[in-house]
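Since the structure comes first, as structure tokens, the remarks are kept for the end.
Quick note on labels: first sequence line is chain A, next is B, and so on, each numbered from 1.
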Amino acid sequence: MFENFGFTGANAPHSRRVGVGEPPGVRRALLAITFAFLGLFLFLPLAAVFTEAFAKGLGVYLAAISSQEARAAIRLTLTTAAIAVPLNVGFGLAAAWLVARFEFPGKQFLATLIDLPFSVSPVISGMLFVLLLGVRTPMGEWLADHGLRIIFAEPGIVLATIFVTFPIAARELIPVMQASGQDEEEAAIVLGASGFQMFTRVTLPNVRWGVVYGVVLCAARAMGEFGAVSVVSGHIRGATNTMPLYVEILYNDYEFSAAFAVASLLALLSIVTLTLKHAVGRRVASQIKHAGEELPRLAA
Amino acid sequence: MSIEIRNLRKIFGGFVALDNIDLAIKEGELVALLGLSGSGKTTLLRIIAGLEAPDAGSIHFRGADAGSLSVRDRRIGFVFQHYALFRHMTVFENVAFGLRVQPRGSRPSESAIRAKVHELLRMVQLDFMAHRYPSQLSGGQRQRVALARTLAIEPRILLLDEPFGSLDARVRQELRRWLRRLHRQLGITCVFVTHDQDEALELADRVVVMNAGRIEQIGSPEDVYHHPANAFVASFLGNVNLFHGRIEDGRVYLGNTSLEVGAANGSVASASGRAMLYVRPHLLEIDRVSAGPGSFPATVKSVNAAGPQVRIELVAEWGDPVSVDLGHDRFTTLELAPGAKVFLSPKENRVFVYEA
């Protein structure tokens with residue numbers, strides 16, 4: 001997972017050489033297939049969401065997204081993201097720092113562990129928390145005795161979201177941190193910086209686009225998560241429903257326009273995220289490339 | 001500030017990077033650590049800076065043990081091999097960094113920082129580049145910014161890791177002269193690491209030749225060049241012809257030739273056993289006729305006359321290749337061409353006896 005940022009791209013020839021590559025007919029066919037696929041599985045559903053959302057007019061749409069329950073779902077979704085994202089980035093920075101700067105036994109194992117939530121089904125992740133902290137478990141009982149409700153309440157949703165998102169920032173930051181190298185940090189220390197000054201003035205600015213990228217990806221996942229959150233939420237209307245859960249409830253109640261209206265808000269969030277991701281992703285790539293440019297000099 | 005290193009040892013996961021290092025550097029000295037990559041020279045430099053901790057031994061600054069001093073408190077200037085400029089900061093901010101991170105009490109005022117940074121940038125002739133980013137500078141300019149940044153904290157010792165390693169030959173020459181001047185001006189203790197013998201011999205007051213984690217010889221450039229302490233130093237510094245033979249009764253036997261062991265070799269002359277004989281290419285006299293018992297026959301293989309001296313490659317009578325450097329005048333008189341039979345006589349030689 002850490003080696004997928006090679007520097008070879010920097011030296012790859014940009015222009016297509018004559019005599020190498022596919023004939024024009026094959027190229028056109030490949031392009032057509034790609035766009036047909038994208039149209040069928042991406043643009044068509046997206047268009048359908050917005051068409052259905054506005055099917056009964058703007059009034060119904062606005063009413064659907066401004067109802068009390070809808071506003072509660074939006075608030076809960078945003079709150080969850082607001083808690084999960086900073087924690088995720090904090091953890092990501094710490095993990096990336098550890099993996100990129102230190103050699104220790106079990107490093108590869110740790111890297112695999114970080115990825116674990118990605119390989120576990122989100123529903124299972126939710127179940128884990130129910131089995132661990134549910135009302136009928138020893139820990140759940142203890143928590144209930146102290147007036148703390150985790151499962152079927154907001155804290156459970158936040159926990160499940162943190163769990164499913166926690167590899168995201170770390171995965172983005174590890175290659176960026178590795179590429180930025182340790183030289184500048186050592187230079188800062190030698191020049192008299194404290195550890196904190198080094199981190200805020202040198203380390204963080206060097207990986208800043210990686211951080212932004214991590215924030216964007218993590219926010220998107222945190223707001224869109226369904227499976228894990230569904231298990232721990234209990235679907236209490238106006239209280240423990242996030243936006244994706246609320247969409248499902250509306251749909252099951254045959255309130256299609258309202259369901260699509262809320263869904264369209266989620267779709268909009270995705271589009272904003274994608275745009276940001278594209279813009280930031282290019283800067284991350286160039287940051288890694290710039291760090292990489294220093295490397296060939298080693299041969300001298 | 002004087003540096004004293006006592007019995008230093010450093011191990012990286014079973015690999016002995018430094019072993020038994022003893023070195024005293026005087027106040028204001030310019031010292032070169034010379035060796036191949038992997039000889040431990042950079043590790044030694046990093047230990048002096050405090051970037052690595054030794055496994056054994058100690059370092060003393062002006063006689064005081066530096067073991068408990070953190071990197072920050074050592075106030076040592078370190079110029080990294082690849083400069084390690086802060087790429088998100090302008091040249092100005094790079095140079096100002098060491099001043100800005102000082103504790104509030106001792107930090108100079110903003111106007112004092114500006115004045116100092118501009119003074120340093122003028123010194124390295126880069127004041128007009130103050131608002132550029134490192135990526136917009138050439139290698140030589142980056143190197144000078146790195147030096148200015150280091151000098152901003154008024155270091156007590158300046159350490160440079162392969163300072164000219166990644167620059168092209170012309171810029172390297174220029175910067176070498178510039179560093180020499182700077183050192184004279186500031187009188188600061190300087191230690192630099194290099195794998196380039198010319199650089200070490202030209203620049204340093206003293207050269208420390210390192211090999212496989214050990215110091216092979218410490219001496220002035222003249223010393224290590226003309227009086228190498230052992231076979232490694234002799235072959236490492238400058239071009240050299242190496243012959244394997246036997247030593248007996250003060251003579252070295254190579255094929256049908258026997259050469260007298262030179263006076264410069266001292267007590268080696270009385271040894272006997274397998275020996276290595278070193279002769280520098282410019283210390284071999286070349287002639288059409290034998291010059292007596294000290295000369296041996298050889299055959300010219302190739303001639304390269306491009307350069308201040310003519311380099312002639314030959315094969316000695318016993319089969320070893322030999323290089324000879326001679327002046328253009330002499331070369332013209334001798335009329336040498338490949339295939340010519342000649343006689344070589346060493347003006348001076350160094351003999352090292354194999355350890356039994």
*Compare every heavy atom of A/Ala187 with every heavy atom of B/Ala84, then report the nearest pair and how far apart it is.*
O-CB, 3.9 Å
*Evaluate whether atom CZ of A/Phe104 has more than 12 neighbouring non-hydrogen atoms of other residues, nucleotides or ligands under 6.0 angstrom away.*
yes
*Between B/Leu85 and chain A, which part of the residue has a heavy atom less than 4.5 Å away: side chain, backbone, both or neither?*
backbone
_Please give me the minimum heavy-atom distance between A/Ser194 and B/Arg72, naming the atom from each residue._
CB-NH1, 3.4 Å
*asked:* Within a 6.0 Å radius of atom CZ on A/Phe118, are there more than 12 heavy atoms belonging to other residues, nucleotides or ligands?
replied: yes
*asked:* Let me confirm one number: the CD-CZ distance from A/Glu184 to B/Phe97, rounded to the nearest 0.5 Å.
replied: 10.0 Å
*asked:* Heavy-atom pairs under 4.5 Å with chain A: which of B/Arg149, B/Glu162, B/Arg74 has the most?
replied: B/Arg149
*asked:* Shorter than 4.5 Å, heavy atoms on both sides: which option in B/Asp73, B/Val79, B/Thr150, B/Val71 has the most such pairs with chain A?
replied: B/Val71
_A side-chain contact here means heavy atoms from C-beta on lying under 4.5 Å apart; do A/Leu191 and B/Phe86 qualify?_
yes
*Contacting region of B/Ile153 [heavy-atom separation from chain A under 4.5 Å]*: side chain
*asked:* For A/Ser180, is there any backbone N or O sitting under 3.5 Å from a side-chain donor or acceptor partner on B/Arg87?
replied: yes
*Distance from B/His88 atom NE2 to A/Leu204 atom CG, nearest 0.5 Å?*
9.0 Å
*residues 100-108 of chain B: residues contacting chain A (heavy atom under 4.5 Å, by number)*: B/Arg100, B/Val101
